[in-house]
Visitor: 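Got a structure here, written out as structure tokens. Questions coming.
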Amino acid sequence: METVQGLKRTKYCGEFRAADIGSEATVFGWVQKVRNLGGLLFIDLRDRTGLLQCTFDESVDKALFDKAFPVRGEYVLAVKGVIRPRGEAAVNDRMPTGAVELLANELRILNTAKTPPFEIVENTSVNEELRLKYRYLDLRRPDLAKNILLRSKTYKSVRDYFADEGFIEIETPVLMKSTPEGARDYLVPSRVHPGKFYALPQSPQQYKQILMVSGFDRYIQIARCFRDEDLRADRQPDFTQIDLEMSFVDRDDIIAVNEGLLKKVWKDILGLDIEMPFMRLTYKEAMERFGSDKPDLRFGLELTDLTDTLKGCEFKVFAGAIEAGGSVRCITVKGGFDKLSRKEIDALAEYVKTYRAKGLAWVRMGEEMTSSFAKFLKPEELSALLVAAKAEKGDVVLIVADADKVVFDSLGALRGEVARRLDLIDKSLYKFLWVTEFPLLEFDEEAGRFVAMHHPFTSPMDEDLPLLDTDPGKVRAKAYDIVLNGYEIGGGSIRIYNSELQSRMFSLLGFTKEQAKARFGFLMDAFEYGAPPHGGLAFGLDRLVMLLAGCGNIRDVIAFPKVQNASELMSGAPDFVDDVQLDELSIALTRKEED
RNA sequence: GGCCCGGUAGUUCAGUUGGUUUAGAACGCUAGCCUGUCACGCUAGAGGUCGAGGGUUCGAGCCCCUUCCGGGUCGCCA
């Protein structure tokens with residue numbers, strides 16, 4: 001094993017160009033590939049920037065050639081030599097450094113390596129489980145390395161923006177008090193206080209509001225957050241937020257600051273000028289037009305409400321849903337006749353059942369019209385339906401009748417599924433959207449009470465304040481989400497800053513005064529010492545980077561992600577700990593995984 | 001917790017209604033030859049508890065049951 005003593009890197013491997021011809025160079029890296037032609041040996045050396053071909057010629061330096069001979073893939077090398085042109089026939093146009101090569105005059109084998117369990121190449125089809133177990137090798141692959149570099153650039157862009165806008169970066173504790181509303185907390189036992197636990201933050205929400213009371217009126221933090229809930233392609237239990245809070249502002253001030261942020265990030269990272277201001281929809285509009293509070297606006301397929309048209313019809317499926325207070329809605333797939341066969345519609349019917357729809361009624365408008373339900377409707381009812389749905393020859397109408405929530409969930413999801421199947425999505429588009437005026441509360445059937453849709457510190461809209469006592473379900477909140485291409489990339493609200501209103505909120509949510517005081521007392525106390533009007537927003541940084549990187553999976557932009565059962569395959573976390581360690585924490589286990 | 005998909009050399013895959021003796025291919029790996037390759041080429045070679053356990057059968061990679069692992073998703077995610 002040799003050392004790097006006396007060597008200094010001239011440039012990264014991927015940075016050499018024709019302009020460097022004739023210069024001396026020293027590079028460090030990993031062996032991508034050895035091509036030994038017998039007497040002439042090429043080594044492609046890789047670092048995080050790319051590849052450089054290093055050449056060893058037996059006829060020039062026999063001893064050096066012999067030293068390079070046993071080099072294998074992923075060995076760690078230092079190579080010193082002269083950059084020279086490859087010669088016309090030997091230029092490789094497919095690589096950025098393809099016009100040059102490093103003719104070696106010194107080689108140090110800094111380390112050997114075992115043959116990796118998979119090849120270190122771009123666009124791999126290797127099973128993700130194996131890649132995650134050997135994450136250090138996976139991260140050597142250019143596509144993954146590129147994502148990690150892009151993420152780093154994003155941090156810089158974000159920090160630069162907020163610094164320029166007068167924001168102050170402040171760290172809040174990772175060990176904090178458990179806040180039982182909302183997601184499950186990760187708990188950390190206290191050694192010093194037997195039986196007591198810290199919680200890891202689901203977000204720095206209360207701390208940042210306290211910072212507003214303290215007068216740091218523009219706060220930002222790139223904050224690690226933790227939620228002990230099940231994973232998804234776009235959800236990890238251990239994730240990162242761009243968290244911000246501002247005082248003396250209203251909703252539109254916060255929206256403006258964050259549109260500015262996204263504009264800068266898209267320019268810095270992708271070189272794109274995004275259109276401002278962004279589109280806005282109220283929650284109600286978003287649900288009625290797209291069946292979702294995070295609609296993908298890259299395609300149409302908007303929902304149509306058929307409830308009034310079908311009121312009084314005899315078809316039980318429709319009539320029953322309407323009588324029960326639900327609705328009948330559809331999406332009309334223009335030109336869908338050629339693309340959606342009976343069989344494919346059956347598959348879509350199965351798809352909507354995962355969203356609790358009982359079925360999917362349909363009309364196919366070919367030469368002859370066929371439908372799953374036409375015989376149950378009077379001819380004039382059917383034609384009224386088709387007029388309302390704006391359905392013409394060649395179209396397909398897909399209908400769900402049920403409670404509003406089921407209709408919206410299933411048609412909202414179906415919109416996306418149809419768009420994917422019919423390839424209606426232009427992947428080059430970035431469609432940003434603000435969704436505003438979310439409901440303040442939603443009724444939790446299981447708990448038998450209202451719960452905060454956003455969180456309990458969200459301010460109701462002023463004009464809806466009178467409804468708080470009479471019809472709390474109708475109260476809208478000063479809450480807003482930022483949506484991009486069907487993903488919720490951030491959300492926030494104007495907060496309650498009046499301790500009296502905050503108390504009313506807590507009692508609406510079913511807390512007794514004592515419970516509220518025990519859980520949130522420090523915040524309510526703080527609000528009695530001059531809380532400014534304030535509000536903020538938090539972005540899901542991982543999701544944002546995922547969309548910037550153009551991947552559909554959050555794991556590909558996180559260096560060491562967790563898998564679906566929340567374990568980490570490389571380190572093997574979580575794991576059992578020694579009894580001694582448990583005893584020190586005053587913890588006795590009632591269950592183990594093996595039981 | 002529910003539903004769907006997947007698991008066969010190091011890797012990616014093929015493997016017929018359950019029956020061709022020794023489960024194949026490509027890439028990778030090892031060795032030899034080769035001076036302009038870059039998907040180097042040529043020759044030879046090594047490499048498999050078919051995720052695991054049980055069952056059906058004269059016979060199981062293939063059928064059945066259980067289970068483990070990974071992915072997607074519903075619930076869940078203030």
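Letters A, B, ... mirror the listed sequences (proteins, then strands); counts begin at 1. Values below: all heavy atoms of this structure, side chains included; hydrogens, waters and symmetry mates excluded.
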Visitor: With a 4.0 Å cut-off on N to O distance, would you call Asp44(A) and Arg35(A) a salt bridge?
Guide: yes

Visitor: Could you tell me how far G55(B) sits from A46(B) if I compare only their C1' atoms? Round to whole Å.
Guide: 36 Å

Visitor: With respect to the phosphate group of G72(B), does any side-chain polar atom (N or O) of Arg555(A) fall under 4.0 Å of OP1 or OP2?
Guide: yes

Visitor: Would you measure the distance from the C1' atom in C33(B) across to the matching atom in G10(B) and give it in whole Å?
Guide: 26 Å

Visitor: Please determine, for the side chain of Thr115(A), which listed nucleotide (G28(B), C76(B), U35(B)) has the closest atom?
Guide: G28(B)

Visitor: Show me the donor-acceptor pairs within less than 3.5 Å that the side chains of residues 480-489 of chain A make with the rest of the protein, sequence neighbours left out.
Guide:
from	atom 1	to	atom 2	distance (Å)
Tyr480(A)	OH	Ser493(A)	N	3.3
Tyr480(A)	OH	Ser493(A)	O	3.2
Tyr480(A)	OH	Gly536(A)	O	2.9
Asn485(A)	OD1	Lys431(A)	N	2.8
Asn485(A)	ND2	Leu429(A)	O	3.1

Visitor: According to the interplanar angle, ranging from 0 to 90°, do the rings of Tyr134(A) and Tyr136(A) count as parallel (below 30°), tilted (30 to 60°) or perpendicular (above 60°)?
Guide: perpendicular

Visitor: Between the protein and nucleotides 36-42 of chain B, which nitrogen or oxygen pairs are less than 3.5 angstrom apart?
Guide:
from	atom 1	to	atom 2	distance (Å)
G36(B)	O6	Arg84(A)	NH2	2.3
G36(B)	N1	Glu101(A)	OE2	2.9
G36(B)	N2	Glu101(A)	OE1	2.7
G36(B)	N2	Glu101(A)	OE2	3.4
U37(B)	O2	Arg35(A)	NE	2.7
U37(B)	O2	Arg35(A)	NH2	3.2
U37(B)	N3	Gln53(A)	OE1	2.8
U37(B)	N3	Gln53(A)	NE2	3.1
U37(B)	O4	Gln53(A)	NE2	2.7
C38(B)	O4'	Arg35(A)	NE	3.1
C38(B)	O2	Arg86(A)	NH1	3.2
C38(B)	O2	Asn92(A)	ND2	3.2
C38(B)	N3	Arg86(A)	NH1	2.6
C38(B)	N4	Ala90(A)	O	2.1
A39(B)	OP1	Arg94(A)	NH2	3.0
A39(B)	OP2	Arg94(A)	NH2	2.5
C40(B)	OP1	Lys33(A)	NZ	2.9
C40(B)	N4	Asn36(A)	O	2.4

Visitor: Salt bridge check: are Glu442(A) and Lys405(A) linked by an N-O gap of less than 4.0 Å?
Guide: no

Visitor: Excluding sequence neighbours, so at least two apart, what forms ring-ring contact (aromatic ring centres under 6.0 Å, His included) with Phe506(A)?
Guide: Phe511(A), Phe520(A)

Visitor: Evaluate the salt bridge (Lys or Arg N to Asp or Glu O under 4.0 Å) criterion for residues Lys517(A) and Glu514(A): first the C-alpha distance (whole Å), next the side-chain angles of each, then the deciding distance (0.1 Å), finally the verdict.
Guide: CA-CA 5 Å; Lys517(A) 191 159 174 53; Glu514(A) 292 69 34; over 6 Å; no

Visitor: Quick one: which protein N/O atoms are closer than 3.5 Å to N/O atoms of nucleotides 48-52 of chain B? Pair and distance per line, please.
Guide:
none

Visitor: Take atom CD of Glu568(A) and atom C1' of C69(B), then tell me their distance rounded to the nearest Å.
Guide: 16 Å

Visitor: Can you pull out the residues from residues 472-501 of chain A that lie within a 4.0 Å heavy-atom distance of RNA chain B?
Guide: none

Visitor: For Tyr75(A), which residues count as a ring-ring contact (aromatic ring centres under 6.0 Å, His included) partner, sequence neighbours excluded?
Guide: none

Visitor: Which value, in whole Å, describes the distance between the P atoms of nucleotides G53(B) and G61(B)?
Guide: 13 Å

Visitor: If pairing requires Watson-Crick or G-U wobble contacts with both distances under 3.5 Å, which nucleotide is the partner of A44(B)?
Guide: U30(B)

Visitor: Using a strict threshold of under 4.0 Å (side-chain N to carboxylate O), is an ion pair present between Asp243(A) and Lys208(A)?
Guide: yes

Visitor: Look for any protein N or O under 3.5 Å of an N or O in nucleotides 9-14 of chain B and output each such pair with its distance, or none.
Guide:
from	atom 1	to	atom 2	distance (Å)
G10(B)	O2'	Pro117(A)	O	2.6
U12(B)	OP1	Asn127(A)	N	2.7

Visitor: Under 4.0 Å from any atom of RNA chain B, heavy atoms only: list the residues of residues 507-523 of chain A that qualify, in numerical order.
Guide: none

Visitor: In chain order, what residues pass the ring-ring contact (aromatic ring centres under 6.0 Å, His included) check against Phe443(A), with sequence neighbours excluded?
Guide: Phe450(A)

Visitor: Between Arg449(A) and Asp444(A), does at least one N-O distance fall below 4.0 Å, as a salt bridge requires?
Guide: no

Visitor: Between Lys146(A) and Glu122(A), does any NZ, NE, NH1 or NH2 come within less than 4.0 Å of an OD or OE carboxylate oxygen?
Guide: yes

Visitor: Among all residues two or more places apart in sequence or in another chain, which pass the ring-ring contact (aromatic ring centres under 6.0 Å, His included) test with Phe438(A)?
Guide: Tyr283(A)

Visitor: Restricting to salt bridge (Lys or Arg N to Asp or Glu O under 4.0 Å), what partner residues turn up for Asp423(A), sequence neighbours left out?
Guide: none

Visitor: Below 4.5 Å, heavy atoms only, C-beta onward: do Glu101(A) and Leu52(A) meet side chain to side chain?
Guide: no

Visitor: Expressed as a whole number of Å, how far does the P atom of C40(B) sit from that of C29(B)?
Guide: 10 Å

Visitor: Given the structure, check if the side chain of Arg227(A) and the base of C76(B) hold any donor-acceptor pair shorter than 3.5 Å.
Guide: no

Visitor: If pairing requires Watson-Crick or G-U wobble contacts with both distances under 3.5 Å, which nucleotide is the partner of U20(B)?
Guide: none

Visitor: Side-chain N or O of Arg232(A) versus OP1/OP2 of C76(B): is the shortest distance under 4.0 Å?
Guide: no

Visitor: Please collect all salt bridge (Lys or Arg N to Asp or Glu O under 4.0 Å) contacts where either partner lies in residues 496-505 of chain A, sequence neighbours excluded, each pair once.
Guide: Asp469(A)-Arg504(A)

Visitor: Less than 4.0 Å between a side-chain N and a carboxylate O, is that true for Glu568(A) and Arg135(A)?
Guide: no

